[in-house]
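The block underneath contains the structure these notes are about, expressed in structure tokens.
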Amino acid sequence: MTARRMAELLLSHAMADGVPAGPLLRRLPSHSALQAAQLAEAGQLEEALTMVGFAADQAWIAKRWPAAARPVLARLSQLPDGLVFEAPVLQTLGYFALVSTLQLAAAAALHRLVVPSLVAMSPAVGATGGHTLLLVVVLDLLLMGAALGIGVWVVAGRHLGFSPHGWRGPLGLAREAALAEALRDAGAPEELFGAYVRGCSRLQGRGVSPLELELIRTHALADAVFSLQRFLGGLRLAGYGALTMLALLALSTIMVQLAQLGGRF
Amino acid sequence: MSDPLRDLQASLERLHANGHPAGLRPSRAASFCRALASGSSLEVAAAQVRLDPRLAASITLSGVRDVPTVLLHLIGIVGASAARGRALRAMATYPLILAASVACTAAIVFGMMGPIMPLLPLGGATGHATPLLGALLGSLALLVGLSLAVFLRLPPFAQGWERLDGLVFLDSVRVFVTAGAPLPSALRGAATWCRGSTRRRALALARASEAAGGLPQLEPLLDAFEGSLLLSAASAGALPQTIEALLTQRRLALERELPAQAMRIHVSALLLAGSSLAIVGGSFFATYSAAMVR
């Protein structure tokens, strides 16, 4: 368990039971926890919680309605982590990068080992084959670059807070709805609930009922999964298509060269 | 307009604002609730705003009075079911993608053979291609058939759909029973969400719950144990708890079934696509080597 997760669990349960956060933070084995304890004891609980790894919305709720800290944990544990969405994309990109590396190696080996013999037999035919194999190498490099770029784009979206993926928006909405449900579960006053909903960037509507929150959360999650499937479908179709075309281009080049030299064997 | 209808209007508007497909634009939500307030039947009001007609039909058949609350619960059930159905249908696209890739590869390979053959020493020797081409078309047809079997709920890929139908049925029964409907009416209302033979089985269960008689055949909607448990729970006054327990088990079974079905489809599709590619490759090399080697 990471220090961040341990702090989140300990503090959430303790605060829900009415235990002050400051002394507990002092006992956590990290330098930032000590600084956070000083902040908490100076009345800056929200900043203290953020310092030990609470998300901003979670810290906002924990400061204003500590009883909701435990329901927040329970509700958030039902949501999939962003990594669950990124993993299949990264896995697919890794597969493409591996296959394009192998293709690149095969095309480079053909260029180095076969083309010189072809050039020796017929300079014109051999040179054409050599150029085509170089083109395959370059296209494979471009494909690897594209896979790497998409991978960085997908991971950066999570770490830098921008939203390049279709599933990021619905996941954010599901999170906001889940936290609103946690406030309802903990019996937070209507003014606090209203203030939370007003502060949400995606969740709309004052006075939203628990049933509506559940509908919104489940639909947003389903929407996120569908966005991922769509993205993965397009990515796989494009990737498999490009890899197949490149393999066929390399193969056909050699076959055509051999055919053109057929009479000289 | 009464308070529950005003609340329903606000709920439908909020769902729309949050991107839920069952939500209604403010003007349509107002028109729907005004129609209900003026005494229009639920079916007529729902038709005016193009709500799923099964929503109105199931509520009417169940005979529940708290229409706004039940409507919102049913919207949730239908939405969740639609998402799972979408996941099931998405599984059908995988064999199609593979079929398209294989067809494209085959077209390129066979298209490439045309210009190459005349250049080869024995360029006329292409006799192996025809039977292999037939086998390739057969494999492609099997891939498309696999996709259709998933899409059209044919065996052995019907189980996911059957479990989904059973879940929607039981969940709807739970909503109607919680809203005060007696079990037979709740079963009739929930039967609206079933189709074909499963619908007939749901209605037979409703009849059996009214008249003390033998339990009809319920598979694949419910198994016999679940059916008898429902009827005995109704007579013992423990229906909501029993339905909740059955629902939990059904949800778990569906969560297990979906990945298992995806795995079955992926493995079958990969085997078919692999054999198709082997045919294409084998055909090409057989023809090519026959034309090259004396």
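In what follows, chains carry the letters A, B, and so on, assigned in the order in which the sequence lines appear, proteins first and then strands, with residues in each chain numbered from 1. Excluded from the calculations below are hydrogen atoms, water molecules and symmetry mates; all remaining heavy atoms, backbone and side chain alike, are included.
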Checklist entry - Which pair of heavy atoms, one from B:Arg14 and one from A:Val208, lies closest together, and at what distance? => result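 Looks like NE-CA, 3.6 Å.
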
Next on the checklist: Ignoring hydrogens, what is the shortest heavy-atom contact between B:Ala17 and A:Gln204? Give both atom names and the distance.
Outcome noted: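 Heavy-atom minimum between the residues: O-CG, 3.7 Å.
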
Select one option (side chain, backbone, both, neither) describing which atoms of [X] are under 4.5 Å from chain B's heavy atoms.
| X | value |
| --- | --- |
| A:Glu212 | both |
| A:Leu251 | side chain |
| A:Leu215 | both |
| A:Leu203 | both |

Next on the checklist: I'd like to verify something: which residue of B:Thr93, B:Thr105, B:Ile97 has the highest number of heavy-atom pairs under 4.5 Å with chain A?
Outcome noted: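 The residue among B:Thr93, B:Thr105, B:Ile97 with the greatest pair count is B:Thr105.
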
Item to check | Which of B:Gly23, B:Pro21, B:Ala82, B:Ala10 touches chain A most, by non-hydrogen pairs under 4.5 Å | outcome: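 Looking at each of B:Gly23, B:Pro21, B:Ala82, B:Ala10 in turn, B:Pro21 comes out on top.
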
Item to check | Within 6.0 Å of CZ in B:Arg86, more than 12 heavy atoms from elsewhere | outcome: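 Count over threshold, so yes.
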
Next on the checklist: Taking atom NE2 as the centre, does B:His266 end up with more than 12 heavy-atom neighbours from other residues, nucleotides or ligands that are less than 6.0 angstrom away?
Outcome noted: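 Counting other residues, nucleotides and ligands, NE2 of B:His266 exceeds 12 neighbours.
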
Spatial distance of atom [atom1] ([X]) from atom [atom2] ([Y]) [nearest 0.5 Å]:
| X | Y | atom1 | atom2 | value |
| --- | --- | --- | --- | --- |
| B:Arg89 | A:Gln229 | CZ | CD | 11.5 Å |
| A:Leu211 | B:Leu15 | CG | CG | 8.0 Å |
| B:Cys104 | A:Leu248 | SG | CG | 8.0 Å |
| B:His20 | A:Thr218 | NE2 | OG1 | 5.5 Å |
| A:Arg217 | B:Asn18 | CZ | CG | 13.5 Å |
| B:Asp7 | A:Ser209 | CG | OG | 8.5 Å |

Checklist entry - At a heavy-atom separation under 4.5 Å, does B:Ala90 approach chain A through its side chain, its backbone, both, or neither? => result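 Just its side chain gets close to chain A.
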
